[in-house]
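Contents: one structure, followed by commentary.
All figures in this text were calculated on a predicted structure; none of them were measured in a lab.
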Amino acid sequence: MSLFKISPAVIVAIVSFLQVNAETHTVTLTNKCGYGTPLLIGQNGETLSTGGAYTQNGEMNGLIAYLQTGNCGANGDDCTLIEATLNQGYSSADISLISPHKFSVASGFSYYDGCDGAGANCANDGCPDAFYNPNDNQVQVGCPDDNVSLAITFCG
């Protein structure tokens, strides 16, 4: 004998709630340089993408992306770096030229599926939209929308 019964309506409501509150993000890498390999690296150092789109159900913390031209070291050292965290309710991305990173190719990002068009571009050394020291917090671009995605473009 069952201790309790769950009606089909309750099951449908639970499944609907879970689907509505599921978190999904996509990062799309586009290389318009004609050379190099775009890399999207996860928080644990794993390569998530070498071009195209990468989608994950759940939050995406501590992402880095850069164009490996053969001159970039581990973690994009000596190259232009895009950093991002995509979470329900608040996401953040930026361009980092904090040493050991430095300008290598034009790089930029913009949000889509929320905060459409918000982003930053760095077309040359000295661009005003990049971190040069850890206190340049004004260059971070935030987005409060749920399920936001990020387009990263090299030589765009």
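Applying the side chain to side chain donor-acceptor pair (under 3.5 Å) rule to pairs touching residues 57-66 yields Thr24-Asn57, Glu59-Asn61, Asn61-Asn87, sequence neighbours excluded.
Remark: Thr26 pairs with Thr28, Ala53, Thr55, Tyr112, Ser149 by the side-chain contact (heavy atoms from CB on, under 4.5 Å) rule, at least two apart or across chains. Every residue two or more places apart in sequence or in another chain was checked for a side chain to side chain donor-acceptor pair (under 3.5 Å) with His101, and none qualifies.
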Extract all donor-acceptor atom pairs below 3.5 Å that involve side chains of residues 70-78 and protein atoms in other chains or at least two apart in sequence.
none

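Shown here for Ala130 and Cys122, the closest heavy-atom pair between the two residues is CB-SG, 4.4 Å. Of all non-hydrogen atoms in Thr85 and Gly62, the two that sit nearest each other are OG1-N, 3.2 Å. Pairing each heavy atom of Cys115 with each of Pro144, the nearest pair is SG-CD, 3.6 Å. Across every non-hydrogen atom of Gly108 and Asn121, the tightest pair is CA-OD1, 3.3 Å.
One distance of note links CG of Asn133 with OG of Ser99; it measures 11.5 Å at 0.5 Å rounding. Note that NE2 of His25 is 8.0 Å distant from CG of Asp146, once rounded to the nearest 0.5 Å. Distance check: Asp94 CG to Asp129 CG gives 11.0 Å after rounding to the nearest 0.5 Å. In this structure, Gln68 CD and Cys79 SG are separated by 6.0 Å, a value rounded to the nearest 0.5 Å. Distance check, rounded to the nearest 0.5 Å: CG of Asn31 to OG1 of Thr50 gives 11.0 Å. For the atom pair Ser96 OG and Asp136 CG, the distance stands at 9.0 Å (nearest 0.5 Å).
Panel note: side chain Thr80, backbone Ser104; a donor-acceptor pair is recorded below 3.5 Å. Between the Ser49 side chain and the Gly51 main chain, a donor and an acceptor come within less than 3.5 Å of each other.
Think of Leu29 as one node in a network of Ile, Leu, Val, Met, Phe, Trp and Tyr side chains linked at under 4.5 Å; its network also takes in Val27, Tyr35, Leu40, Leu48, Tyr54, Met60, Leu63, Leu67, Ile82, Leu86, Ile95, Val105, Phe109, Tyr111, Val141, Val148, Leu150, Ile152, Phe154. With a 4.5 Å cut-off between side-chain heavy atoms of Ile, Leu, Val, Met, Phe, Trp and Tyr, the cluster of Leu97 takes in Phe103, Tyr132. Other members of the hydrophobic cluster containing Phe131, listed by chain and number, are Ile98, Val139; membership follows side-chain contacts under 4.5 Å among ILVMFWY residues, whether direct or relayed.
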